[in-house]
Amino acid sequence: MATTTYLSNPDVIIATVNLRDQCTSAVLTQTVEALESTAFGDVARFMSPGLQNNELTLTLYMSYAANETYASLAALVGTQVTVIVSPQAPSTPGTYSATNPGFTLTGTYLESLPVINATMGELSTIDITFTGGAYTVDVS
C-alpha cells in the first residue's frame with residue numbers, strides 16, 4: 001500500500017528554458033548497460049555495469065509563439081543539451097530536495113522534433129525523446 005503520493009506537475013528545463021507550462025508528461029528512464037564478465041569455469045553468466053544509456057520522453061503541447069515549444073526546441077535538434085526534470089516546480093528555482101529531486105541529463109541528445117501534429121478540434125501535442133547523457137540527481 002502506498003504511504004505517500006504526489007500530484008504530478010513536472011518541472012522541465014531544457015537548455016535553460018522552462019517548458020513546464022507546456023509539459024503534460026515526463027518519463028525519465030535510468031539505464032546502465034550490462035557487460036558480461038563471465039570467466040572460464042563459471043557455472044552461470046555474470047554481468048557488470050557498463051555505460052549509462054538514459055532516455056527522457058516528454059509530451060508537450062505544441063505552440064509556435066515566441067519562447068514556447070517550437071521556438072525553444074527547433075534549434076536544439078541534432079545537438080547535445082542539458083535537461084532537468086523534477087516531479088514539481090521547486091519553490092525556489094534550482095533548489096531541490098529529497099521529496100522533490102532534480103533529475104539531470106547532461107549532454108543528452110535530441111535527434112528529432114515533430115514540427116506539426118494536428119488533429120481537427122484537438123490540442124496539438126508532440127512527443128520528443130532525449131537519448132544518452134550523464135544522469136545525476138540533485139536532492140540538496
Side-chain angles (χ1 to χ4, degrees):
M1 176 181 211
T3 57
T4 63
T5 60
Y6 73 98
L7 180 61
S8 65
N9 180 16
D11 193 41
V12 178
I13 301 171
I14 303 171
T16 72
V17 176
N18 193 320
L19 291 176
R20 173 182 38 163
D21 62 333
Q22 301 297 345
C23 186
T24 66
S25 172
V27 179
L28 174 58
T29 305
Q30 177 190 16
T31 302
V32 177
E33 296 175 341
L35 298 177
E36 187 171 348
S37 57
T38 308
F40 285 118
D42 285 342
V43 296
R45 294 194 182 276
F46 294 95
M47 301 295 171
S48 298
L51 296 174
Q52 292 183 19
N53 189 12
N54 306 301
E55 182 175 278
L56 170 64
T57 300
L58 301 173
T59 301
L60 303 168
Y61 290 117
M62 188 53 134
S63 173
Y64 299 94
N67 299 320
E68 290 293 348
T69 309
Y70 179 76
S72 298
L73 297 174
L76 300 179
V77 176
T79 67
Q80 293 179 340
V81 297
T82 296
V83 179
I84 304 170
V85 179
S86 62
Q88 299 175 18
S91 55
T92 303
T95 304
Y96 302 101
S97 67
T99 58
N100 189 40
F103 301 102
T104 302
L105 286 181
T106 304
T108 189
Y109 183 74
L110 180 61
E111 182 176 10
S112 64
L113 174 67
V115 295
I116 190 166
N117 180 18
T119 302
M120 178 76 152
E122 292 183 9
L123 287 172
S124 177
T125 62
I126 59 169
D127 292 323
I128 59 172
T129 301
F130 293 91
T131 55
Y135 168 85
T136 56
V137 180
D138 183 357
V139 293
S140 59

Are Glu33 and Asn53 close enough that a side-chain donor and a side-chain acceptor fall under 3.5 Å?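 Present: a donor and an acceptor within the cut-off.
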Assess, by modelled atom type and distance only, whether the side chains of Ser97 and Thr99 contain a donor and an acceptor separated by less than 3.5 Å.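 The answer is yes; a qualifying pair exists.
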At their closest point, which heavy atom of [X] faces which heavy atom of [Y], and how far apart are they?
X      : Y      : result
Pro90  : Tyr96  : CG-CE2, 3.8 Å
Thr129 : Glu55  : CG2-CG, 3.5 Å
Cys23  : Pro10  : SG-CG, 4.0 Å
Thr108 : Phe130 : OG1-CB, 3.2 Å
Asn18  : Asp21  : O-OD1, 4.2 Å
Asn100 : Ala89  : ND2-C, 4.1 Å

Hey, are the side chains of [X] and [Y] touching, using non-hydrogen atoms and a 4.5 Å cut-off?
X      : Y      : result
Leu73  : Leu60  : yes
Ile14  : Leu58  : yes
Ile116 : Met62  : no
Leu56  : Phe103 : no
Pro87  : Pro101 : yes
Ile13  : Asp11  : yes
Thr82  : Thr104 : yes

Kindly write out the residues that satisfy ring-ring contact (aromatic ring centres under 6.0 Å, His included) with Tyr70, not counting sequence neighbours, or none if the list is empty.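 Testing Tyr70 for ring-ring contact (aromatic ring centres under 6.0 Å, His included), a comparison that skips the adjacent residues, returns Tyr64.
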Counterpart residues, salt bridge (charged side-chain N to carboxylate O under 4.0 Å, His left out), relative to Glu36 (two or more places apart):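 Glu36 satisfies salt bridge (charged side-chain N to carboxylate O under 4.0 Å, His left out) with Arg45 once adjacent residues are dropped.
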Report the distance from atom [atom1] of [X] to atom [atom2] of [Y], rounding to the nearest 0.5 Å.
X      : Y      : atom1 : atom2 : answer
Ile128 : Glu111 : CD1   : CD    : 12.5 Å
Leu19  : Ser72  : CG    : OG    : 5.0 Å
Thr31  : Asn54  : OG1   : CG    : 6.0 Å
Ser112 : Asp127 : OG    : CG    : 10.5 Å

Please determine whether the number of non-hydrogen atoms from other residues, nucleotides or ligands lying under 6.0 Å from atom CG of Leu51 exceeds 12.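 Incorrect, the count does not exceed 12.
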Within 6.0 angstrom of Asn67 CG, more than 12 heavy atoms from elsewhere: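 No, not enclosed.
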Sole candidate of Ile126, Thr125, Val27 that passes side-chain contact (heavy atoms from CB on, under 4.5 Å) when paired with Thr59: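 The passing option is Thr125.
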Output yes when a side-chain donor or acceptor of Thr69 lies under 3.5 Å from a complementary backbone atom of Tyr61, and no otherwise.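 Between the backbone of Tyr61 and the side chain of Thr69 there is a qualifying donor-acceptor contact (under 3.5 Å).
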Cluster question for you: counting only ILVMFWY and a side-chain heavy-atom cut-off of under 4.5 Å, with indirect links fine, are Val81 and Val77 together?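 Both belong to a single hydrophobic cluster.
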Hey, quick one: are Leu28 and Tyr109 part of the same hydrophobic cluster, counting side-chain heavy atoms closer than 4.5 Å, chains of contacts allowed?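 Leu28 and Tyr109: separate clusters.
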Taking distance alone, no hydrogens or angles, what donor-acceptor pairs closer than 3.5 Å link side-chain atoms of residues 132-140 to residues at least two apart or in another chain?
residue: Asp138; atom: OD1; partner: Ser140; partner atom: N; Å: 2.9
residue: Asp138; atom: OD1; partner: Ser140; partner atom: OG; Å: 2.7

